[in-house]
Enquirer: 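This is the structure I want to talk about, given as structure tokens.
Note that the structure is predicted; figures quoted are calculated from it, not measured. Each chain gets a letter, A, B and so on, in the order the sequences are listed, and its residues count up from 1. Values reported hereafter were calculated over all heavy atoms of this structure, with side chains retained and with hydrogens, waters and symmetry mates removed.
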Amino acid sequence: MSQSFSLFPTLTDELVNSINIECKEICCCYTDDNQEYSLTLSDEKKTPKSFSALLTDERCTWSADSHNLIIRRKIFIGKALALFGYGGIADEDDVLGIAVQWSSPSSCERGVSIIKDPITRAVSNHIFDFEMKMNPGFFKGDIELETIIYLRQKGKHKDSVCAKKVGTILGVIDTTILSLDGTGSKFPIVVVSEEDKPLWWLFYADSIDASEDKFTEDNVRIVINKAHKDYPLLNMESSVKESPLFIEVLASALLQIVERVKTDMGDSFNDVINDDNLEPGSVAKAVNFFISNLNWRFTNVNELSMDIRDFLTNSLGGVS
Amino acid sequence: MNWDVMSKNDAENEFESFKQSGEVRLDPRYSDLRDEIVLAYNNTLNELNITDDTISRGKNSYLVDCLFGIKLFNIFRTNKYQMTIRDASTDGVWRFLSLRVVPDIVTRRNGIEHPDKYWKKAKRIWLRAIYWYIYLSWQGSVEKTFEAIKDNSTDTITQLVDRCGRGYRELLCRQLIQQLSNFESSQRTEVFRKVMVLNTARSKVVEPYLAEGGVAQYVKELYDYVL
């Protein structure tokens with residue numbers, strides 16, 4: 001295993017503690033019809049320096065293909081003085097900056113998002129605001145976000161041991177990994193054109209194992225039939241909240257999915273209730289999310305149907 | 001466009017089947033796209049005055065990759081197809097295109113002996129490689145892009161596209177290609193290799209997008225260093 005060493009001082013845990021830096025929780029959201037909606041971070045895994053989560057949308061609307069992604073965060077620095085001068089990572093008249101290096105190997109893209117406010121030795125009790133907006137159709141899979149401190153501007157001291165080149169990365173504060181293409185971030189819906197078939201139906205593959213197989217189009221999908229005479233009533237081109245009929249379709253499909261998983265898993269359905277050994281992104285994991293996070297009553301089909309409708313109507317805005 | 005995706009397993013079977021029969025098992029939903037790609041390839045050969053028999057002579061194969069790559073990139077950018085980064089970074093999409101839409105075009109350029117060019121090694125799938133080469137070399141217009149890359153070589157494509165790491169720095173790549181065009185054709189292969197190796201090392205310490213003078217200055221310093 002190779003090891004790297006630095007020719008200049010870099011951020012240490014001790015320094016991080018002495019400047020009292022705190023990275024607040026990441027917030028993710030998207031715009032739909034000029035309104036902003038939050039995405040939920042689920043399946044969280046935390047360590048002192050890293051955080052990972054799955055992005056899900058309770059409105060069952062967001063899709064990385066068709067919606068943007070906005071990531072925001074606040075970073076607080078109590079007292080930046082220790083970063084400068086003796087024992088620090090910069091000379092006294094240097095200017096540091098905070099940026100987020102983002103990368104997504106599955107999207108083959110990486111870049112940097114800069115936080116506007118600089119860090120000078122005078123910075124004290126300051127909140128740095130970070131925001132990044134990515135267009136639809138850009139990211140796929142995981143995005144890794146490394147919050148870094150870098151040399152933004154070099155002062156007059158050229159002979160010290162501190163980094164001299166502007167842009168030098170002086171330390172990573174923390175790392176966040178967001179998974180985009182998981183459960184709940186997009187409901188699998190396909191549009192077909194088949195004469196003499198119903199307006200819609202649910203495809204649920206017979207061979208799937210709900211606790212392992214993914215909640216993706218290959219295994220489970222709503223099939224919408226353009227050839228049906230009532231297709232225009234679905235108003236598919238508009239936002240979901242403008243389509244009460246589509247909300248009913250979604251509600252019925254979700255009911256079928258939960259009932260199907262209950263039937264197929266029999267006694268093992270307890271694993272779904274308790275989130276026991278469910279594969280991330282699986283059909284059963286999706287049902288677990290609905291039951292535990294949205295409190296759907298799954299023991300009675302009528303109550304379940306009402307809970308699903310309530311949820312969809314409230315989260316998708318209903319129709320005024 | 002909702003692109004079809006082909007798994008590696010299916011791709012292997014499809015490739016073996018195509019090798020045996022030579023028949024294109026075209027999915028009818030892609031017939032327009034196929035027509036456009038085939039036309040683009042034939043036009044490329046005509047414009048360069050190259051035939052299937054002379055394609056392997058000298059720099060002909062690279063010129064075909066360049067010009068056809070630009071045409072392919074433009075086809076996928078249109079409103080009709082709107083290939084996104086998500087689509088272009090999905091290897092299964094390229095396997096599908098290479099084996100169910102235009103396998104014969106892949107064969108005309110690369111022969112039939114190399115499964116890598118069709119499905120086996122993602123970054124070596126020919127259609128994928130030339131698409132990303134153009135995307136990462138893009139200089140704002142077809143003319144400027146062709147002018148910047150026409151005197152490069154197939155080695156440039158490999159050097160640029162193979163080094164994905166945690167993702168491409170798109171603006172950096174475009175600047176690297178733009179400044180490479182200042183060099184004589186005979187120097188470019190060696191210079192570019194050295195610059196890419198240097199960039200791999202340097203970008204671990206200095207973030208190119210945060211460097212003084214921006215990406216252009218960062219890249220200039222790379223080229224100055226290797227000379």
Enquirer: SG of A:Cys108 to CD of B:Glu170: how many Å apart, nearest 0.5 Å?
Expert: 12.0 Å

Enquirer: Is A:Tyr150 in contact with chain B via its backbone, its side chain, both, or neither, using a 4.5 Å heavy-atom distance?
Expert: side chain

Enquirer: As an exercise, state the distance from CZ of B:Arg86 to CD of A:Glu109, rounded to the nearest 0.5 Å.
Expert: 13.0 Å

Enquirer: I'd like to know whether CD of B:Glu190 has more than 12 heavy-atom contacts from other residues, nucleotides or ligands below 6.0 angstrom.
Expert: no

Enquirer: With rounding to the nearest 0.5 Å, note down the distance linking CG in A:Asn135 to CD1 in B:Ile85.
Expert: 10.5 Å

Enquirer: Step through the shown structure and confirm whether more than 12 heavy atoms of other residues, nucleotides or ligands are within 6.0 Å of CD on B:Gln187.
Expert: yes

Enquirer: First locate atom CG of B:Asp87, then atom OG of A:Ser107, and finally report the distance between them rounded to the nearest 0.5 Å.
Expert: 11.0 Å

Enquirer: Would the number of heavy atoms belonging to other residues, nucleotides or ligands and lying under 6.0 Å from NZ of B:Lys121 be above 12?
Expert: no

Enquirer: Output the residues of residues 216-227 of chain B for which the shortest heavy-atom distance to chain A is under 4.5 Å, in residue-number order; output 'none' if no such residue exists.
Expert: B:Glu221

Enquirer: Could you tell me whether B:Arg166 and A:Glu144 have a side-chain N and a carboxylate O separated by less than 4.0 Å?
Expert: yes

Enquirer: Within the structure provided, determine whether A:Lys165 and B:Glu212 are in side-chain contact (heavy-atom separation under 4.5 Å).
Expert: no

Enquirer: Which is it for B:Leu210 and A:Ile169 under the side-chain contact (heavy atoms from CB on, under 4.5 Å) test, yes or no, and what are the steps along the way?
Expert: CA-CA 9 Å; B:Leu210 300 174; A:Ile169 301 160; 5.6 Å; no

Enquirer: Given B:Val205, which of A:Thr168, A:Leu7, A:Leu170 fulfils the side-chain contact (heavy atoms from CB on, under 4.5 Å) condition?
Expert: A:Thr168

Enquirer: At what distance, to the nearest 0.5 angstrom, does CG of A:Asp65 lie from CE of B:Met1?
Expert: 13.0 Å

Enquirer: Just by distance, do the side chain of A:Lys140 and the backbone of B:Ser89 share a donor-acceptor pair under 3.5 Å?
Expert: yes

